[in-house]
Each structure stands twice: as C-alpha cells, then as structure tokens.
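Data block below; observations after.
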Amino acid sequence: MSRPKAYDPVEGYRYQLFYKHSEVRELDHLDYAKDQTELFYLLEEYHLCMTPGTLRYLQLPKQYWPKEGEPT
C-alpha cells in the first residue's frame, strides 16, 4: 500500500487516523493517537459524527512512537 497524500508522521504518536469520503479517492487526515486505547476511542467518536465514508488508520514507523517512560 502506498502512503496517503495526507501522511504526515509526528513525533510522540503511534497512529495516524484518516477519513475517506465515499465519492473521493484520496484520504484526509483526521487525528493522531498515542496508543491503542486512544485509537479505539477516537475511531468510535469519529464513527458517530462522520457522514458515510471509511475511517482508516496507519501505524507510524517506530521512530515516531512515544519514548519509554514519556507521560501520555
């Protein structure tokens, strides 16, 4: 899979969330999540408020993940 055009890794996050409109081919950036708990919470919240489309997420490379012992 190629990287979405909205791909923009940020230091301290593990996941990037995207939204794909039903009529548009490209993915739009939505948010970042630091861990799986936050990821699932955000997916549920966005699912409730978004119009028909597809929510996707991408696990960022390990170099961007939060450092061990870093407060979340």
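Start at 1 with the first residue, then count along the sequence. We use all heavy atoms of the structure for the numbers below, so side chains are in, but hydrogens, waters and symmetry mates are not.
- Shown here are the side-chain hydrogen bond (donor to acceptor under 3.5 Å, both in side chains) partners of Glu23, two or more places apart in sequence or in another chain: there are none.
- With sequence neighbours left out, the side-chain contact (heavy atoms from CB on, under 4.5 Å) criterion links Gln36 to Tyr15, Phe40.
- Expressed to the nearest 0.5 Å, how far CD of Gln16 lies from CD of Gln59 amounts to 12.5 Å.
- Partners of Glu11 according to the side-chain hydrogen bond (donor to acceptor under 3.5 Å, both in side chains) rule, which considers only residues two or more places apart in sequence or in another chain, are Lys67.
- By the side-chain hydrogen bond (donor to acceptor under 3.5 Å, both in side chains) test, Tyr46 pairs with Asp31, sequence neighbours left out.
- More than 12 heavy atoms of other residues, nucleotides or ligands shown are found within 6.0 angstrom of CD on Gln63.
- Between Leu55 and Leu30 there is a side-chain heavy-atom pair separated by less than 4.5 Å.
- Taking each heavy atom of Lys34 and Pro66 in turn, the nearest pair found is O-CG, 3.9 Å.
- Cluster annotation: Leu58 is connected to Val10 through the hydrophobic network of ILVMFWY side chains, with a link wherever side-chain heavy atoms come within less than 4.5 Å.
- Distance check, rounded to the nearest 0.5 Å: CG of Leu43 to CD of Glu38 gives 10.5 Å.
- Between the NE2 atom of His21 and the CE atom of Met50 there is a distance of 6.5 Å, given to the nearest 0.5 Å.
- Checked against ring pair (Phe, Tyr, Trp, His ring centres under 6.0 Å), Tyr13 has the following partners two or more places apart in sequence or in another chain: Tyr32.
- Under the side chain to side chain contact (heavy atoms under 4.5 Å, CB included) test applied with Phe18, the options Leu27, Thr54, Asp28 reduce to a single match, Leu27.
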